Amino acid sequence: KLSDVEFYAEELALTLCKINNSYDWEMFEEYRSRALISLIIIIPDQVSQCLIKRFFYSETSLGNYLFTACVYLIPKR
């Protein structure tokens, strides 16, 4: 039986990639990054496959791809 996190992991990961800080919340980007990293740590195979499909096999715009790469893949100093 799948847990709720496993069941919703792909949808949650994709939503975290697309969500914007519409209300100008402080530390929004930090919390969003932490949530996505936590998903990758908890369910690495499922989430990583989902993100690979999203960015390399779908109609993702270059701007969205670069933004996500900058936010999640480049270490902060």
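The figures that follow rest on heavy atoms only: side chains count, while hydrogens, waters and symmetry mates do not. Not measured: the values here are computed from a predicted model.
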*asked:* Counting neighbours of OH on Tyr31 that are heavy atoms of other residues, nucleotides or ligands and sit closer than 6.0 Å, is the number greater than 12?
replied: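 No, the 6.0 Å shell around OH holds no more than 12 heavy atoms from other groups.
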
_Do Asn20 and Phe28 have side chains that approach each other closer than 4.5 Å (heavy atoms only, starting at C-beta)?_
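No. Closest side-chain heavy atoms not under 4.5 Å.
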
*From Val47, Val5, Leu39, residue fulfilling side chain to side chain contact (heavy atoms under 4.5 Å, CB included) relative to Leu12*: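 The residue from Val47, Val5, Leu39 that satisfies side chain to side chain contact (heavy atoms under 4.5 Å, CB included) with Leu12 turns out to be Leu39.
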
*Taking all heavy atoms of Arg32 and all of Cys17, pick out the closest pair and write down the distance.*
NH1-O, 3.9 Å

*If you take all heavy atoms of Leu16 and Leu36, which pair is closest and at what distance?*
CD1-N, 3.8 Å

*Return yes if some donor-acceptor pair links the side-chain N/O of Gln46 with the main-chain N/O of Ile43 below 3.5 Å, else return no.*
no

_Interatomic spacing from CZ in Arg34 to CD in Glu29 - rounded to 0.5 Å_ = 13.0 Å

_With clusters defined by side-chain heavy atoms of hydrophobic residues (ILVMFWY) lying less than 4.5 Å apart, directly or transitively, does Leu14 cluster with Ile19?_
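Looking at the clustering, Leu14 is in a separate group from Ile19.
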
